[in-house]
There are 2 protein chains.
Amino acid sequence: MATIYDVATLAGVSPATVSRVFNGRAVSEDRAQRVRDAAEALSFVPNRTARTLRRQSSEVIALIIPDIENPFFTALARAVEDRAQAAGYSVVLCNTDDDPVKEATYLQIAISENMAGVILVPASDESDLSTIIASGRPVVTVDRTTAFDVDHVMIENEPAGASVTAALFDAGYQRIACIAGPETVVTAIDRARGWRSVVERRGNYNPDLFVRSANHRLDGGRAAMAELLASPERPDAVVATNNLMGVGALQVLNEYGLTPPAFGVGVIGDLPFTTLSPGLVTLVHLPTRDLGTTAVGMLVSRISGHREPARTVLLPGELAAAASVRS
Amino acid sequence: MATIYDVATLAGVSPATVSRVFNGRAVSEDRAQRVRDAAEALSFVPNRTARTLRRQSSEVIALIIPDIENPFFTALARAVEDRAQAAGYSVVLCNTDDDPVKEATYLQIAISENMAGVILVPASDESDLSTIIASGRPVVTVDRTTAFDVDHVMIENEPAGASVTAALFDAGYQRIACIAGPETVVTAIDRARGWRSVVERRGNYNPDLFVRSANHRLDGGRAAMAELLASPERPDAVVATNNLMGVGALQVLNEYGLTPPAFGVGVIGDLPFTTLSPGLVTLVHLPTRDLGTTAVGMLVSRISGHREPARTVLLPGELAAAASVRS
DNA sequence: ATGAAAGCGCTAACAA
DNA sequence: TTGTTAGCGCTTTCAT
């Protein structure tokens, strides 16, 4: 692999001049051309490792997510990547599996690799950001928060939970249960709170009997749905606080012969790769792309030296498909 | 951030000794302990950038995939990540969007960042690996091949195409069409060839009229299915050569009121997050995990200096659910 | 077993 | 505008 010294020798200039050409600094046109020609001839590619060591910062952003197999997060990753690319950054994707230890490891790596910044979906509200904050690397959290005072961009979760629940009541369902995510995730808590507020107002039952906490994956939704169907006070509808739990619930309902609209289903998030007819399930569409692009914007502004206090951005979900009236 | 010099000073040893402790080289026990204590006290973390520059190789593997929103590839990523982690490597995930230019950029970055190696799902059979090969970095391709002579791990695609088609004939379907992937992707070609071989043997029609080439995503499957349904010689069943095209086909069939088994559907790959009852769709289950772990194994052996000629590993698909007999 | 010192490839003062 | 030079933090000969 050729270095700037090789290029410099061939072009008859100093290494510094080569560096300047590749960093867009002022160099006389004829010399610049000689450098470009020499670089071309040697198929020179700047060594990013050396540049990073010298500059103490790379052009790489870490995107740390809890579950790479959840389409919500891959869509987020797409958005982040597109926007980051446009701003001149590469994105490395790190999967924590909701494991705070893995998360801590990746944060450590981000520091140790001198990455430009981190976009993080925290594994839980207990996630420890003290080390990365102390390192001075910018951090933005997305979709979830922690106790730490950093930029974050969130969904309006409580209204999302409320609107999907209200839509199910409007459609004629009476006993609407809730499959909520883990109690350590702010997003799940807020969405469940939205469900509860509507139930307390319009429902004729005790919400506590109709809520189940589950992991955010398919099997979590399945287990919770099965439990709800087995309970003495059987609900006639359910709200799942994320996409995969919604799919799990639908799978179990299908196995019981209870497909919508015979049993009402509301989901906060979009059903990935669904083969269901539209309108059967009440959905709150989430602005995944905006979530990602906003986060990149905030992060890049921090990387460029922005020093204001931590900012919060709230993005609304959108009730996408009204449930059919109950058959 | 503390450096080995800080640690060395505090521990009263030389920087070289600190380095040795962190690299498991022989150091007397008392000094090693002093170093560990000092490192702990300063919360020292080795700077990977410096190490990489010096060693000319990092502990990072690039995994380059065509579509991060396809669950097949995210499952692959999971497998690769788990196995790589166990071998002491981090994985950075790069999404090419089937774009040879993006692919070339990521390969360039892998070189420029001194990454330990690359696991690549080539965007097409025209993908140019000459640069990365010339750089000396090990490369393993997965799921698809190129003209270049590198290690690769593949599915037995032609048998997969044949077995799913045969199963549909067995179930009583007569005119089985094929939604094939892009003609630039070896995997798609081979699977379609498997379909064709069975049709030529058992079908009473001209295969050419019943095959459509589509992009590997949802919309590709939708468009191809719509076209097949509109054609004068309407098929009574279809084989999709990947998962997302299968979902797209099912969506369109559903819109036409043609749900299986009224219309036969075979898919090579698993239906992601399906809410369909099992057995309605004929599937070939793909050994995604094995694909990933095998690739990591091959790559790591190359990184460790293995110098044999390029190896090929073939993994079989598995006919997972027989179609119900046609109603 | 340990330390001194060179150098990986680049950038950024500083001088000219 | 251009070149000289120091140094980012680490690993690794080479001595001792």
Side-chain angles (χ1 to χ4, degrees), chain A residues 1-36 38-39 42-60 88 108-116 135-137, chain B residues 1-36 38-39 42-60 88 108-116 135-137:
Chain A
M1 294 283 93
T3 72
I4 51 171
Y5 290 93
D6 303 322
V7 177
T9 306
L10 183 58
V13 300
S14 77
T17 297
V18 178
S19 171
R20 288 182 185 114
V21 170
F22 279 88
N23 289 285
R25 307 209 175 285
V27 170
S28 68
E29 188 42 49
D30 61 324
R31 295 180 154 238
Q33 194 52 54
R34 289 203 331 258
V35 167
R36 279 189 290 265
L42 298 170
S43 42
F44 165 76
V45 180
N47 182 315
R48 287 177 174 234
T49 304
R51 166 183 293 185
T52 299
L53 180 59
R54 176 61 226 234
R55 286 217 193 134
Q56 304 284 319
S57 177
S58 74
E59 277 89 54
V60 175
Q108 199 65 265
I109 289 178
I111 297 172
S112 165
E113 297 261 16
N114 291 307
M115 292 186 188
S135 79
R137 309 262 147 214
Chain B
M1 294 284 93
T3 72
I4 52 170
Y5 290 93
D6 303 323
V7 176
T9 305
L10 184 57
V13 300
S14 77
T17 298
V18 177
S19 172
R20 287 180 186 119
V21 170
F22 278 88
N23 289 285
R25 308 209 175 287
V27 171
S28 68
E29 187 43 48
D30 61 325
R31 296 180 152 238
Q33 194 52 54
R34 279 187 359 241
V35 167
R36 279 190 290 267
L42 299 171
S43 42
F44 165 75
V45 180
N47 182 315
R48 287 177 174 234
T49 305
R51 165 182 296 184
T52 299
L53 179 59
R54 176 61 226 236
R55 286 219 192 132
Q56 306 283 353
S57 177
S58 74
E59 278 90 53
V60 174
Q108 199 64 266
I109 289 178
I111 298 172
S112 165
E113 297 262 16
N114 291 306
M115 291 186 188
S135 80
R137 309 261 148 215

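Letters A, B, ... are given to chains in the order of the sequence lines, protein chains preceding strands, and every chain is numbered from 1. These numbers come from a predicted model, not from an experiment.
- Remark: C1' of D:dT11 and CZ of B:Arg48 are 16 Å apart, rounded to the nearest angstrom.
- Judged by distance alone, with hydrogens and angles left aside, A:Arg20 brings a side-chain donor or acceptor within reach of the base of D:dG3, the pair sitting under 3.5 Å.
- The separation between A:Arg55 atom CZ and C:dG9 atom P is 18 Å, rounded to whole Å.
- Rounded to an integer number of Å, the gap from A:Arg31 CZ to D:dT1 C1' is 8 Å.
- Looking at which nucleotide of DNA chain C each of B:Gly12 and A:Phe44 is closest to, the 5′-most match is held by B:Gly12.
- Scanning both residues, B:Phe44 and B:Thr3, for their nearest heavy atoms gives CE1-C, 3.6 Å.
- An OP1 or OP2 oxygen of D:dC8 is reached within less than 4.0 angstrom by no side-chain nitrogen or oxygen of B:Asn47.
- Counting only heavy atoms from C-beta outward, the side chains of B:Val45 and A:Gln108 approach each other to under 4.5 Å.
- In this structure, the OH atom of B:Tyr5 is 8 Å from the P atom of D:dC10, given to the nearest Å.
- The phosphate of C:dG9 has neither OP1 nor OP2 within less than 4.0 Å of any side-chain N or O from A:Thr3.
- For D:dT11, one of the phosphate oxygens OP1 or OP2 lies less than 4.0 angstrom from a side-chain nitrogen or oxygen of B:Ser19.
- The nearest whole Å value for the distance from the CZ atom in A:Arg54 to the P atom in D:dT5 is 16 Å.
- If you take CG of B:Asn114 and C1' of C:dC10, they are 12 Å apart, rounded to a whole angstrom.
- When heavy atoms are screened at a 4.0 angstrom cut-off, A:Ser28 is found touching the sugar-phosphate backbone but no base atom.
- We find that CD of A:Glu29 is positioned 16 Å from C1' of D:dT2, with the value rounded to whole Å.
- Residue contacts shown for B:Ala16 include a base, since a base heavy atom lies under 4.0 Å away.
- In this structure, CD1 of A:Ile4 is placed 13 Å from P of D:dT4, rounded to the nearest angstrom.
- If you check every strand for non-hydrogen atoms under 4.0 Å, A:Phe22 touches nothing.
- Side-chain atoms of B:Val13 and B:Arg34, non-hydrogen and from C-beta on, do get closer than 4.5 Å to each other.
- Among all heavy-atom pairs drawn from A:Asp6 and A:Met1, the shortest one is OD2-O, 4.3 Å.
- No donor-acceptor contact under 3.5 angstrom links the side chains of B:Thr52 and B:Asn114, judged on distance only.
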